[in-house]
Novice: 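My structure is below; once you've seen it, I'll send some questions.
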Number of protein chains: 2
Amino acid sequence: MVNHGREAVTLRAIAREVGITAPALYRYYDSREDLLRHLCDDICQDLEAELNSALEPLGGDAGTEQVYAVCRGFRRWALAHPQEFSLVFASTENVIGRRDTDGEPRVGDQFGKVFLDVASRLILKHEHPHGLAAPEPPEVLHADLRAFQQVLIKTVTARGVPVDEESLHLGEIFHLLQAWVRLYGHVALEVFGRFPFAVSDPEPMFDAMLGSIFIPMGIEE
Amino acid sequence: MVNHGREAVTLRAIAREVGITAPALYRYYDSREDLLRHLCDDICQDLEAELNSALEPLGGDAGTEQVYAVCRGFRRWALAHPQEFSLVFASTENVIGRRDTDGEPRVGDQFGKVFLDVASRLILKHEHPHGLAAPEPPEVLHADLRAFQQVLIKTVTARGVPVDEESLHLGEIFHLLQAWVRLYGHVALEVFGRFPFAVSDPEPMFDAMLGSIFIPMGIEE
DNA sequence: CAAGTTCAGTGAACGGTGTTTACGAAGTTG
DNA sequence: CAACTTCGTAAACACCGTTCACTGAACTTG
């Protein structure tokens, strides 16, 4: 139903589907916007489930192939559910919610958990990927990056893995952020068809990008 | 009026603004969707004008600072007009149109022209940026990259600058494509607030990204 | 058991939407 | 003048989100 776009998800259509009338929905949601917020949460849970099921056959530990699997799973999901992607990841309404009060979680919440969890666990495992290659990011960013560092550490420790502060270098964190920028950029461009020319088969281009992101980080497939 | 989002741009509101009634709009547009398509074209023209006016004080030639100016101008425009950005650059409806028949032009049409024009002219000027650094992209991409190469050559020659085929290496073209991925990725993430943590001031992060994109291409600020 | 209260759901209504249709009042052209 | 195109209107239709008064069943309480 959301397959036909955000505007197609109407209260009356939902009610018809559930077998009740439109006003009855107001017993459960404050408004259409509120309903869409919860819909986003459900979508995020579906995405998380799909990513985890793509991760399952690879074993529990964080290996390099898990990073690639999460990225490819994200792309696959986005292409298979463009409207959902658009709703959760490309909406100006800050519809992502969960709880606006408890602060931190953004980026589709559930997806952020999976992606950042795998990535940061991998970074922790590879201590100092091939030497000390990651250059220091500009000082202006240090404050923000340190905040992000805390988020990552909290994410990983929540899985029971103990972390010492200094094993996540700011340079690597900046790389991780750039990885998200490029992953998101490619997927969004593909979903919205905004590449500057018609790409016949974007998949090898995606794989090439993944390599150029992760191989310099010491994460080789 | 589009500032309040795509859904706020209603036929009756437009008609009220123009001083006519809603059905009269059907004399000029086939449907609301058609009107939105033309609106996208207008938005693209505004963007092009803004970018060109940002380029003007830098002189006519393609210098390195022009690349940075276009990228910063794009970000500035997107942040100042999030709804317009969303409409043109993050919409699943292929609302970009112009003419669906004549094939090629995508990516907000006008913006593509400005960005690709400046970038490719610069690449042509710097022949072989610092040696032969750009590695060959995977062979699977060569066909698509060559098509993109033709688009670039056509863009540049349309400005009167003659080009020989071989001065635009495929590696550089791939870099240019990755530059678009990262530029778009950062701007969209910022517009939609989908960075994985709260970034206090994204501008230095944007500048750091521009550097890490262009400095390896030999385009230093 | 009877009375009261809560809860889920309904139908009618209001103002707004995109769109179609029939119609009219100008201006143009023979 | 008559025919015709152009631009616009009013009315209507179906659908939308939302509100409100209301019903009927379930549950609580005396």
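Each chain gets a letter, A, B and so on, in the order its sequence line appears, and its residues count up from 1. Source: prediction; values computed, not measured.
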Novice: Taking the six-membered ring for Trp and the full ring for Phe, Tyr or His, determine whether the centres of B:Phe74 and B:Phe89 are under 6.0 Å apart.
Specialist: yes

Novice: Could you tell me whether the side chain of B:His81 and the main chain of B:Trp77 form a donor-acceptor pair under 3.5 Å?
Specialist: yes

Novice: Over how many whole Å does the gap from B:Ile14 atom CD1 to C:dG16 atom P extend?
Specialist: 17 Å

Novice: Say whether, by atom type as modelled, one donor and one acceptor occur between the side chain of B:Arg194 and the main chain of A:Val88 under 3.5 angstrom.
Specialist: yes

Novice: Taking A:Gln149 for its side chain and A:Leu168 for its backbone only, find out whether a donor-acceptor pair lies under 3.5 Å.
Specialist: yes

Novice: Look at A:Glu93 together with A:Arg32 and state whether they make a salt bridge at an N to O cut-off of under 4.0 Å.
Specialist: no

Novice: Would you kindly give the CG-to-P distance between B:Asp34 and C:dT20, to the nearest whole Å?
Specialist: 12 Å

Novice: Along DNA chain D, 5' to 3', what are the outermost nucleotides having an atom less than 4.0 Å from a heavy atom of chain B?
Specialist: D:dC7 to D:dA12

Novice: So, does the side chain of B:Arg12 form a donor-acceptor pair with the base of C:dG16 at under 3.5 Å?
Specialist: no

Novice: Just to be sure I understand the geometry, which residues of residues 20-27 of chain B put a non-hydrogen atom under 4.0 Å away from DNA chain C?
Specialist: B:Pro23, B:Tyr26

Novice: So, B:Ser86 side chain and B:Pro82 main chain: donor-acceptor pair closer than 3.5 Å or not?
Specialist: no

Novice: Salt bridge between B:Glu203 and B:Arg75, side-chain N to carboxylate O under 4.0 Å?
Specialist: yes

Novice: I need the CG-P distance between B:Leu36 and C:dT17, as an integer number of Å.
Specialist: 14 Å

Novice: Closer than 4.0 Å, any side-chain N/O of B:Arg16 to the OP1 or OP2 of C:dT17?
Specialist: yes

Novice: Parallel, tilted or perpendicular: which one describes the rings of A:His186 and A:Phe206, with boundaries at 30° and 60°?
Specialist: tilted

Novice: Would you kindly give the CZ-to-P distance between B:Arg6 and C:dT17, to the nearest whole Å?
Specialist: 16 Å

Novice: Contact class for A:Tyr28 (heavy atom, under 4.0 Å): base, sugar-phosphate, or nothing?
Specialist: sugar-phosphate

